[in-house]
Participant: 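Okay, handing you the structure first.
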Amino acid sequence: MTTQRYRREDADATVACALEDMALLYHRPSGQTHMVISPVPELLDQMGDGAALTPQELHDRMAQLYDLGPREEALAQVEAHLAELAALGLVRRA
Amino acid sequence: MRHQLTLGIGPATFRIGSAWRQPLDQLARLYADYPQPSGTIADFTVRLQPAGFTRRWLRPSIFITGDHGLADAAPMSLAHGLLAAEMGMNLQMALGWRRHLLLHASSVERDGRALVMTGESGSGKSTLAAQLGERGWRLMGDEFALLDLDTGMIFPFPRLVSLKNRAIDVIAGEAPPERMGPLLAGTAKGDIRHLVPRADAIAAMGQGARPAMLIFPRFGPEAELRAVGQGEVFMRLTQASTNYVALGEPGFAALTRFVTSVPARAIDFPSGDAAIAMVEQLWDQLP
Amino acid sequence: MSEPENSPEKQDDGLNLAVPSRRQLLMGGAVAASAIVSIRPALANTAASVLNCTINVPDQARAGQAIAPTGQVVPAGTPGSFASAGKPFTGEQVKQAMRGGRLPGTAYDQNQAYLNYIRRLQSGTSGFTCYASLQMPR
């Protein structure tokens with residue numbers, strides 16, 4: 001499990017819009033629009049205080065609020081989502 | 001260029017230059033009732049130019065270009081020059097218009113509210129809009145609907161309606177012959193005839209309307225009606241917009257406002273009359 | 001995605017009342033791993049469909065060269081390669097060939113080579129916008 005930390009971009013780097021069935025994120029620095037479904041909006045929400053988190057720390061925050069299923073699998077998923085978000089520029093490696 | 005014509009359609013003005021006179025004569029006749037744009041600078045230039053050195057005279061062949069062009073455009077025969085001019089104007093709008101979010105959609109207005117219909121070529125959106133325009137609705141456009149970035153209103157782009165193949169006979173049965181253009185046979189999209197919008201639609205081409213319903217029409221063997229989820233609507237409208245990405249954040253704001261405030265339905269219909277019946281019923285059910 | 005409510009709240013949940021009730025989040029499994037779809041520019045689609053478009057195989061800048069079975073452009077005379085197509089293909093012809101038909105005037109292998117060339121077209125190469133316009137889903 002990586003100890004790479006991730007931090008959300010500044011709050012005003014993205015504009016969000018909630019739809020009935022998914023969320024939309026407009027990322028100002030890139031001009032890109034992303035359509036996102038759970039658990040991405042929830043992950044981003046948990047990073048909203050700007051803290052630099054490892055996947056494990058983020059997982060543990062999420063586990064307080066949500067039932068994430070078996071820990072090993074969930075940790076791997078969180079790490080994969082963070083890597084994807086970093087590739088898109090929606091979070092930064094810290 | 002040798003021959004010139006300036007046209008105003010909705011908020012846009014075009015200066016069309018042509019190496020040949022015939023297409024511009026046809027255009028001028030069909031657009032005769034449109035207000036003359038007030039002699040200022042045109043938004044766009046369209047040029048119908050010979051596709052090769054000899055192609056001005058020998059088997060004349062038109063290459064469509066202008067302020068905006070696509071290098072892989074196929075040349076068109078002079079007989080289809082009217083169509084070439086129309087495509088040239090569409091291309092300028094699709095590639096160059098930034099004052100509104102451009103949706104590949106038809107639209108009609110009633111009681112100050114707009115019905116927007118979006119879909120691929122052949123979905124029936126143009127024919128439906130033309131029919132509604134002949135049956136009491138105001139035609140705002142058959143190809144492009146313009147979404148105002150600040151107010152969320154839909155504005156008209158009431159060019160000549162482009163009718164293809166069977167739609168020609170359908171509309172010719174409902175509209176007077178003086179508003180039908182010449183038959184352009186054997187184009188890449190089949191036979192085409194143009195319909196001039198009614199005088200009231202032309203007169204009101206500067207007036208917007210609040211969008212009240214979005215429809216995805218499709219020909220199908222059985223009449224059917226489905227709700228469409230907002231996520232799917234958003235995705236399909238980004239695909240139906242030529243300038244969503246270029247507009248950046250204002251585009252995002254305008255499109256999300258539209259998607260979250262305008263109810264959407266997909267309708268399948270076996271005939272134009274069936275489609276109109278479904279549309280009228282849905283419209284009457286609006287609050 | 002459905003997220004069934006988990007009730008009742010666990011007794012030891014000491015977080016403040018603003019916290020939403022516990023929910024199950026689908027974390028992958030049957031669902032695709034990526035929960036993000038990014039919007040791609042639709043410019044190529046709608047603008048090119050507004051015009052009839054054509055694709056030269058290969059593009060005119062490389063008209064004298066040949067097409068390898070993989071679709072790469074190679075020098076004329078390369079063994080196993082096919083000569084460039086005499087005339088450009090229309091969007092319609094390419095569309096139906098992509099669905100299992102044959103580009104006009106081509107034998108089977110030549111058709112495959114040409115289609116591979118078309119699939120490899122990149123933004124900036126002549127023919128790309130036409131090809132891209134054929135790709136957009138219904």
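Protein chains get the first letters and strands the later ones, always in sequence-line order, with residue 1 at the start of each.
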Participant: Return the minimal non-hydrogen interatomic distance between A:A18 and B:T260, and the atom names on each side.
Facilitator: O-CG2, 4.4 Å

Participant: Any idea which heavy atoms bring A:V15 and B:E249 closest together, and the distance?
Facilitator: CG2-OE2, 3.4 Å

Participant: Can you name the residues that form a side-chain contact (heavy atoms from CB on, under 4.5 Å) with B:R47, not counting sequence neighbours?
Facilitator: B:M1, B:T45, B:Q49, B:T65

Participant: Under 6.0 Å from the CD atom of B:Q285, do we count more than 12 heavy atoms belonging to anything else shown?
Facilitator: yes

Participant: Under the ring-ring contact (aromatic ring centres under 6.0 Å, His included) test, which residues partner A:Y26, sequence neighbours left out?
Facilitator: B:F252

Participant: Quick one: pull up OG1 in A:T33 and OH in B:Y244 and give me the separation to the nearest 0.5 Å.
Facilitator: 2.5 Å

Participant: To the nearest 0.5 Å, what is the distance between CD (B:E232) and CD (A:E20)?
Facilitator: 11.5 Å

Participant: Are there more than 12 heavy atoms of other residues, nucleotides or ligands under 6.0 Å from atom CZ of A:R92?
Facilitator: no

Participant: Measuring heavy-atom distances to chain A, does B:V233 have an atom under 4.5 Å in its side chain, in its backbone, in both, or in neither?
Facilitator: neither

Participant: Is B:R110 atom CZ crowded by more than 12 heavy atoms from other residues, nucleotides or ligands, each under 6.0 Å away?
Facilitator: yes

Participant: Answer whether the closest heavy-atom distance between the side chains of A:L24 and B:T256 falls below 4.5 Å.
Facilitator: yes

